[in-house]
Amino acid sequence: MPATFAARRLGLLLPPLLLCISFSGGNPAGSDLTTQDLKQPSKEHQSNGSFVQSEILLPGPHGTLLERSISLANATTVELSCKLDPNSRLKSPQVIWKRGNETISHTTKTENSWSIKLVIVDSSKMGSYSCILKGAEEISATFHLHVPKIEAREKLITYERDTAVMVCKADSTPMAWTWYMMSGSKPVVINESLRTDKYLTDRLSANVTRLRVLKLTKEDAGVYWCEAAFKLGKSEKKMKLTVLSIMAPLKPFVAIVAEVVILVTTIILYELYSKRRGKCTGEKVCDQTEQLKSGEGQ
Amino acid sequence: MARGGRDTGQDSRGSRAPLAPPAMPPPGRAPVPPDGGWGWAVVFGAFVSIGFAYAFPKGLAIFFKEIQDFFGTSYGEVAWISSIMLATTYGAGPISSILVNRYGSRPVVMFGGLLCGVGMISAAFCTSILQLYICVGFITGFGLALNLQPSVIIIGKYFLKRRPIANGLAMAGSPVMLCTLAPLNQFLFDNFGWRGSFLILGAILLHCCVAGALFRPIGAATASAKTQDALKEKITEDAMKMSSPANVSMENKTEEEGGKDCCEKINQYLDLSLFKHRGFLIYLIGNVLMFLGFFAPIVFLAPYAKHTGIDEYSAAFLLSVLAVVDMVARPATGIIANSKWVRPRIQYFFSFAIAFNGACHLLCPLASNYVGLVVYSSFFGLAFGMVCAMLFETLMDLVGAARFTSAVGLVTIAECCTILLGPPIGGTLIDTFGDYKYMFIKCGAVMVLAGTFLFIMNYYNYRMLAKEEKERKTKEEDPKSVRTEKEGRNNWNKDTTQVGPELEPLREEQEGVKKKMNGTNEF
């Protein structure tokens with residue numbers, strides 16, 4: 001059992017390891033008990049902001065997914081290449097680049113690799129690009145170009161009269177952040193037009209925004225989302241806010257306290273009972289004298 | 001139980017003819033540790049109590065991200081909660097020891113459980129991070145300190161022959177509770193948010209009171225103060241009949257007792273003369289050194305796994321492997337340590353376990369893939385469990401059950417500093433070099449060093465003990481019985497300053513067991 005489990009884990013492990021990007025490694029500083037997230041090597045980093053290069057080695061080890069995820073925030077020139085492993089069985093394949101159904105011309109070929117160059121200035125050119133190698137068998141690799149994803153916690157549980165704090169974090173700096181909430185079935189923008197004693201938005205840093213909802217009531221529960229506007233498109237993340245009353249945790253709390261009281265009382269009563277069963281009038285010492293006598297007899 | 005030779009002059013338990021204080025009232029005799037019976041219920045209580053004390057601070061980490069967002073603080077400020085809790089749990093050791101010496105284990109543990117509960121319940125209503133520091137850090141930490149020490153102490157009172165097993169079983173509470181608390185905390189957090197979770201966790205911590213209720217007092221622990229005074233009077237009466245230097249010290253003692261100055265009062269509750277005890281000092285230095293590298297690898301195992309590219313769930317699985325192996329290793333180590341080959345040389349076994357731990361860390365950087373890390377986690381769990389199971393057993397073995405109460409308090413406050421320093425030093429190493437292997441090398445080196453130090457020093461200690469035992473034997477056979485009595489009283493007074501005579505036969509029984517075994521080895 002452990003072997004197959006480990007093999008499955010190995011399968012998940014290999015694609016990141018075999019990608020040819022040198023990832024920055026993040027900041028491996030640990031603090032006391034939890035960790036900072038290190039970037040997985042599947043994300044591409046913007047180097048110098050205006051030119052990004054990415055390469056996938058084909059066919060790659062058995063069972064690996066040949067995909068790469070690239071996040072772009074500003075206008076960039078992107079070069080995507082598919083490189084053929086010289087040790088593979090495939091020789092001189094025919095290569096086409098596709099985006100969806102449309103084929104892309106203007107491909108560059110060097111000895112073993114085929115690449116395309118894209119100049120991206122708006123959201124129209126974002127999407128998934130695939131290179132397809134046709135030979136004895138067909139292999140393909142895909143590059144996903146997208147705007148930076150937003151990280152936020154998707155479920156929030158709060159209590160009445162408390163404050164809800166929702167934080168959204170993006171990888172790159174967006175031009176603007178906007179918060180929305182679902183009112184009835186229509187999205188409503190949260191801005192100054194709404195009560196400022198109830199909704200407070202602020203920008204903790206260039207990449208981080210925060211929404212605070214004060215004096216919560218049951219009606220505030222629902223879906224909220226933050227939207228980051230980049231030059232190359234918009235990105236959003238939805239969060240579900242639940243508002244509980246104080247009764248919700250109080251019921252298990254009272255149950256557990258009652259259980260503790262019952263257990264303690266039972267133990268103490270059992271002790272008094274077993275003491276009374278002894279011949280002495282509640283003095284534990286008398287039982288021990290008997291023990292000592294029997295002990296010395298050994 | 002008959003033993004060959006007059007090693008300590010004991011032919012049967014409890015009677016030490018030439019040296020027994022005359023006319024000892026039977027109720028004041030030390031109860032023989034039952035080594036079973038209600039003792040197993042006490043082990044279960046200690047299991048729960050120790051489990052909460054060690055596992056609870058680690059289990060809180062799940063809530064930190066949410067708390068950080070809620071209060072708008074940095075990660076470092078939230079991590080302080082854990083640090084304060086850990087520091088208080090270890091730093092309040094001496095206070096715990098003093099309270100146990102005064103009131104016995106049961107009231108202290110029940111009060112500790114109540115304090116934990118109150119701390120977490122009030123934490124559920126906190127409105128600032130500072131209030132969390134106080135409620136979760138100080139109050140709950142102090143409550144856990146009041147749980148940890150008495151649980152370990154009462155095992156020493158209930159067990160002697162099977163003490164390593166009892167210790168191993170009780171210490172197994174830590175990984176079991178961790179494995180229970182981690183998913184439980186996650187479940188509570190998903191359903192109730194952090195406030196509701198703290199409220200419910202406060203109720204769960206009240207189970208420490210249940211554990212405390214199981215700690216039936218044994219021996220006249222609370223009467224020790226009275227009988228001790230009565231005994232000291234008797235001793236000084238007898239000492240008046242002899243003229244010797246020892247007499248002066250005893251008279252001084254009575255004067256001090258009469259004067260009741262501050263030092264003597266502290267000494268009555270916290271045995272500071274332990275700092276002259278050779279075995280205690282060896283243990284203290286070795287352990288303080290060991291804790292520098294003890295906890296850091298656990299803290300950084302998951303980040304290291306993620307750093308090598310393993311996904312989050314597999315990294316968490318490594319910790320589960322560690323916990324499961326740890327869970328099994330602790331009672332198993334207790335059983336092994338109780339066997340007749342290992343028990344007399346338990347200090348060597350302990351040193352070996354520490355060095356083995358260090359060797360694991362040194363070999364960790366060689367693990368190049370996930371399977372290697374799983375193997376490392378299993379061996380680490382084994383070594384970790386071995387060391388933890390014997391942590392308190394070896395201290396009991398060195399200082400005896402009588403002085404263990406004070407010893408454990410002093411040891412934990414000394415360890416407090418290095419425990420807190422260990423992970424940050426490891427973190428600094430990782431930050432400076434950008435590579436985890438230096439942290440593992442540092443931890444491994446420190447632990448191998450600690451293990452070697454303990455091995456050598458305990459070899460020396462065993463030799464000195466054997467020598468002292470030989471000297472004592474020759475003095476006992478001396479025809480001058482007066483001198484023997486005085487020497488005997490000297491030794492007895494020196495070694496059992498603050499605990500009453502009830503536990504003296506116990507200590508000597510234990511020394512007798514140890515020395516008999518030692519006598520068969522050539523040192």
Side-chain angles (χ1 to χ4, degrees), chain A residues 2 5-6 9-10 12-13 16-17 25-38 40-41 153 155-159 162-163 165-167 204 210 242 244 246 248-250 252-257 259-261 263-264 267-268 271 283-286 288-289 291-292 295-298, chain B residues 1 12-15 26-27 29 31-32 34 58 61 64-66 69-70 72 75-76 79 82-83 190-193 195-197 199-200 202-204 206-207 209-210 213-214 216-220 299-300 302-303 306-307 309-311 314 317 369-371 374 423-424 426-427 430-431 434 436:
Chain A
F5 188 70
R9 296 293 177 193
L10 271 174
L12 287 172
L13 172 62
L17 283 182
N27 205 348
S31 263
D32 283 328
L33 289 167
T34 56
T35 73
Q36 284 186 359
D37 277 288
L38 300 176
Q40 288 297 334
R153 251 167 326 108
K155 267 181 62 175
L156 244 84
I157 303 189
T158 47
Y159 291 89
D162 196 10
T163 308
V165 176
M166 287 173 266
V167 175
L204 294 178
R210 176 174 70 170
T242 318
L244 301 174
I246 194 70
L250 212 56
F253 173 77
V254 168
I256 297 176
V257 171
E259 176 223 341
V260 166
V261 168
L263 280 175
V264 172
I267 293 173
I268 304 233
E271 182 171 331
E283 277 293 311
K284 192 92 174 75
V285 160
C286 291
Q288 288 157 0
T289 317
Q291 259 182 5
L292 274 173
E296 278 177 327
Q298 288 180 4
Chain B
M1 192 172 88
S12 59
R13 253 182 233 159
S15 65
R29 299 295 290 274
V32 171
K58 294 183 199 157
F64 283 173
K65 186 80 177 54
E66 164 113 23
D69 285 342
F70 187 83
Y75 178 76
S82 258
S83 305
D190 289 337
N191 285 297
F192 297 106
R195 285 193 195 270
S197 302
L199 192 68
I200 297 179
I204 291 177
L206 285 177
H207 283 93
C209 292
V210 178
L214 287 170
R216 240 184 246 179
I218 188 168
V299 170
F300 291 113
K306 287 190 215 162
H307 177 83
I310 300 173
D311 66 283
S314 310
F317 178 69
N369 57 8
Y370 185 67
V371 175
V374 171
I430 296 173
D431 282 344
Y436 281 80

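Chain A is the first sequence line, chain B the second, and so forth, proteins listed ahead of strands; every chain is numbered from 1.
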Heavy-atom pairs under 4.5 Å with chain A - which of B:Leu199, B:Ile200, B:Leu206 has more of them than the others?
B:Leu199
Chain B: which of A:Leu263, A:Leu156, A:Asp162 shares the most heavy-atom pairs with it under 4.5 Å?
A:Asp162
Of A:Glu259, A:Arg210, A:Met166, the largest count of non-hydrogen pairs under 4.5 angstrom with chain B goes to A:Glu259
Given a strict heavy-atom distance threshold of 4.5 Å, which part of A:Val260 is in contact with chain B: side chain, backbone, both, or neither?
both
Is chain B contacted by the side chain of A:Tyr159, its backbone, both, or neither, given a heavy-atom distance below 4.5 Å?
side chain
Main chain of B:His307, side chain of B:Tyr436: is a donor-acceptor contact present, judged purely on distance under 3.5 Å?
no
Please check if the side chain of A:Thr158 supplies one atom and the backbone of A:Leu244 the other of a donor-acceptor pair under 3.5 Å.
no
Within the 4.5 Å heavy-atom criterion, are B:His207 and A:Ile256 side-chain neighbours or not?
yes
For B:Ser197 and B:Gly193, the nearest pair of non-hydrogen atoms, with its separation, is OG-O, 2.6 Å
Please lay out, stage by stage, how A:Val165 and B:Glu66 fare under the test side chain to side chain contact (heavy atoms under 4.5 Å, CB included).
CA-CA 9 Å; A:Val165 176; B:Glu66 164 113 23; over 6 Å; no
